[in-house]
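Some notes on the structure that comes next.
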Amino acid sequence: MADRFFPNEIPPETSLTPQQDSLSNLLSLPFTTLSDKLKTSAFHLKQTIVNEMWGPSGKRVKDYSLYTGALGTAYLLFKVYQVTKSENDLKLCSDIVKACDSASKDSGRVTFICGRAGVCSLGAVVAKYAGDERLLEHYITQLKEQIKLPSDLPNELLYGRVGFLWACSFLNKHIGKDTISTARMRAVVDEIIKAGRRLANKGRCPLMYEWHGKKYWGAAHGLAGIMHVLIDMELKPDEVEDVRNTLRYMIKNRFSSGNYPSSEGNESDRLVHWCHGAPGVTLTLVKAAQVFGDKEFVQAAVDAGEVVWQRGMLKRVGICHGISGNTYVFLALYRLTGNSEYLYRAKAFACFLFDRAQKLISEGKMHGGDRPYSQFEGIGGMAYLFLDMVEPSTARFPAYEL
């Protein structure tokens, strides 16, 4: 199991000794100095990513998704724009989204991370910032009128109903409340709740879902991701209780290590990823603690965070199943608890990436992702994280935390 992650030998902040090694030196820097270094690195990475993901394509997009494709580069550029306020970054972002718009028209995929809803909602937000009312209206109309949810759609985040709902919430947050009406979203929520209760069939867990024949628990395809999005919806009292009791079921049936199974009945305690395991569950528990105020969710989030600290320094760089994504666990716990230890832990993981990731990837000791410049598998997510470290109290896991 240890071959999946590097041993975490980073000392507590109280026993940190500068000059011990390059990583300790980084962690000993004043935060403003460190964040400047991370920001500069992010800008360099951004240029490399744009060159690789956009430059050679001749502006023709094959993979338009935010997960591994061009929309992920646009999403990073929008983040860069929020830091730099550079019109060049915003224009390039808009150009890439337009190419993704053309490429995604007949895809049939409806979610934010892997589908056309991501193109339309990000496109609308970028158009708003650019002051382009015509383009803004184009993207909103496309999402409202052209994206249809088939009856056999799954319910999970990457390809299913909650992935569409997340796009609606993203649009409503950045454009304005009820840009996508509550009634439209409520109709989708009804389908999700109905499907979850039907599969649970009055079992020990109130809501249960399947994707490709497995009852997944994680953020990408399972319970953690579905509950995460449902918490943001306007739910009836009995639905709120179903969501809370589903999370309680997960907490009760976690592994003795504190980690979470990748799917119902799976006894393999191996995966500590956003997509499967404690990291994605932690982010959902943090959301539940903030919205519902239950102390049990706070404690469960803290417990899961310990798993990520011990086993989350993965031999992978990405957001979905790598160190970049796992760093957001500590940023979320820092927001929830105000405990500065979590900010230090986030700095520790980010500094490990800054100090060693490129070298370890080049040496074959760390996986740079099958799509090495992408947002969710590659260094695109690392660049995004470095920018988020500049203002850690406002950091949000990309395309998951609103």
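Side-chain atoms are counted along with the backbone in the values below, which use heavy atoms only and exclude waters and symmetry mates.
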Inset, instruction - Return yes when atom NZ of K105 has more than 12 non-hydrogen atoms of other residues, nucleotides or ligands closer than 6.0 Å, and no otherwise. - result: yes

Legend entry - Summary of salt bridge (Lys or Arg N to Asp or Glu O under 4.0 Å) pairs that have at least one residue in residues 160-188, sequence neighbours excluded: R186-D190, R186-E239

Legend entry - Short side-chain donor-acceptor distance under 3.5 Å, D89 and T84: yes

Inset, instruction - Report the distance from atom SG of C275 to atom OH of Y216, rounding to the nearest 0.5 Å. - result: 10.0 Å

Inset, instruction - Kindly indicate whether the side chain of D232, heavy atoms from C-beta on, has any atom under 4.5 Å from the side chain of K287. - result: yes

Inset, instruction - Could you check if a side-chain atom of L38 sits within less than 4.5 angstrom of a side-chain atom of F354, using non-hydrogen atoms only? - result: yes

Inset, instruction - Give the intermediate values and the outcome of side-chain hydrogen bond (donor to acceptor under 3.5 Å, both in side chains) for residues D21 and S24. - result: CA-CA 5 Å; D21 54 38; S24 297; 3.0 Å; yes

Legend entry - Parallel, tilted or perpendicular: rings of F330 and F349 (30°, 60°): perpendicular

Inset, instruction - Look at K359 together with E363 and state whether they make a salt bridge at an N to O cut-off of under 4.0 Å. - result: yes

Inset, instruction - Calculate, to the nearest 0.5 Å, the distance between atoms OG1 and CG belonging to T68 and D63 respectively. - result: 3.5 Å

Inset, instruction - Examine the side chains of T48 and N51 and answer whether a donor and an acceptor come within less than 3.5 Å of each other. - result: no

Legend entry - Minimum heavy-atom distance A124-I140, with the two atoms named: CB-CG1, 4.0 Å

Inset, instruction - Measure from NZ or CZ of K62 to the centre of the six-membered ring of Y64, then state whether that distance is under 6.0 Å and the direction lies within 45° of the axis. - result: no

Legend entry - Closest approach of L92 to W54 (non-hydrogen atoms, all atoms of both residues): CD1-NE1, 3.6 Å

Inset, instruction - State whether the side chain of S324 and the backbone N or O of V317 hold a donor-acceptor pair below 3.5 Å, judged by distance alone. - result: yes

Inset, instruction - Describe, in one word, how the ring planes of W274 and F376 are oriented to each other, choosing from parallel (under 30°), tilted (30 to 60°) and perpendicular (over 60°). - result: perpendicular

Below 3.5 Å, can you tabulate the donor-acceptor pairs from side chains in residues 393-402 to any protein atom, sequence neighbours excluded?
unit_1 : atom_1 : unit_2 : atom_2 : d
T394   : OG1    : E391   : O      : 3.0
R396   : NE     : L402   : O      : 3.3
R396   : NH1    : T394   : O      : 3.4
Y400   : OH     : A224   : O      : 3.3
Y400   : OH     : T284   : OG1    : 3.0
E401   : OE1    : F397   : N      : 2.7
E401   : OE2    : R335   : NH2    : 2.9

Inset, instruction - Please work out which of the three classes, parallel, tilted or perpendicular, describes the rings of Y129 and F78, given edges at 30° and 60°. - result: perpendicular

Legend entry - Flag side-chain contact, heavy atom, 4.5 Å: V80 against S86: no

Inset, instruction - Locate the shortest heavy-atom distance separating A219 from G280; write the atom from each residue and the value. - result: CB-CA, 3.9 Å

Legend entry - More than 12 heavy atoms from other groups under 6.0 Å of CZ on F386: yes

Inset, instruction - Nearest 0.5 Å please: distance from the OG atom of S102 over to the CZ atom of R60. - result: 12.5 Å

Inset, instruction - Evaluate the criterion side chain to side chain contact (heavy atoms under 4.5 Å, CB included) for residue pair V83 and V390; output intermediate values, then yes/no. - result: CA-CA 9 Å; V83 175; V390 176; 5.7 Å; no

Legend entry - pair L165-F112: side-chain heavy atoms closer than 4.5 Å: no

Legend entry - Check: G312 main-chain N/O paired with N326 side-chain donor or acceptor under 3.5 Å: yes

Inset, instruction - Would you indicate whether the side-chain heavy atoms of F297 and R248 approach each other to under 4.5 Å? - result: yes

Inset, instruction - Find the distance between CZ (F5) and NZ (K315) and round it off to the nearest 0.5 Å. - result: 9.0 Å

Legend entry - Main-chain N/O of C351 paired to D355 side chain as donor or acceptor, under 3.5 Å: no

Legend entry - Residue of the set L71, V61, T73, L76 for which side-chain contact (heavy atoms from CB on, under 4.5 Å) holds with M53: T73

Inset, instruction - Locate the shortest heavy-atom distance separating I361 from G368; write the atom from each residue and the value. - result: CD1-CA, 3.9 Å

Inset, instruction - Would you check if H276 and H221 make a side-chain contact, meaning some heavy-atom pair closer than 4.5 Å? - result: yes

Inset, instruction - Measure from the side-chain N and O atoms of K148 to the backbone N and O of E145, and report whether any donor-acceptor pair falls under 3.5 Å. - result: yes

Legend entry - Heavy-atom side-chain proximity of L135 to H138 below 4.5 angstrom: yes

Inset, instruction - Walk me through it: do V240 and F292 pass the test side chain to side chain contact (heavy atoms under 4.5 Å, CB included)? - result: CA-CA 9 Å; V240 170; F292 300 141; 3.8 Å; yes

Inset, instruction - Under the side chain to side chain contact (heavy atoms under 4.5 Å, CB included) rule, what do T111 and L158 come out as? Steps first, then yes or no, please. - result: CA-CA 6 Å; T111 65; L158 260 57; 5.7 Å; no

Inset, instruction - Considering non-hydrogen atoms only, spot the tightest contact between T179 and N172 and give its length. - result: N-OD1, 3.0 Å

Inset, instruction - Look at E137 together with R134 and state whether they make a salt bridge at an N to O cut-off of under 4.0 Å. - result: no

Legend entry - Check: L66 main-chain N/O paired with Q375 side-chain donor or acceptor under 3.5 Å: no

Inset, instruction - Would you sort out whether D238 and R197 count as a side chain to side chain contact (heavy atoms under 4.5 Å, CB included), showing the intermediate values? - result: CA-CA 12 Å; D238 61 320; R197 286 173 172 170; 3.0 Å; yes

Inset, instruction - Verify, without hydrogens or angle tests, whether E156 (side chain) and G160 (backbone) share a donor-acceptor contact under 3.5 angstrom. - result: yes

Legend entry - H174: partners by ring pair (Phe, Tyr, Trp, His ring centres under 6.0 Å), with sequence neighbours left out: F170

Inset, instruction - Taking all heavy atoms of T327 and all of A346, pick out the closest pair and write down the distance. - result: CG2-O, 3.4 Å

Inset, instruction - Answer whether the closest heavy-atom distance between the side chains of I192 and L207 falls below 4.5 Å. - result: no

Legend entry - Backbone N/O of L90 and side chain of E87: donor-acceptor pair under 3.5 Å: no

Inset, instruction - Any chance you could measure S94, atom OG, to D132, atom CG, to the nearest 0.5 Å? - result: 7.0 Å

Legend entry - Heavy-atom neighbours of R109 CZ exceed 12 at 6.0 Å: no

Legend entry - Reported CG-to-OG distance for the pair N259 and S268, which is rounded to 0.5 angstrom: 9.5 Å

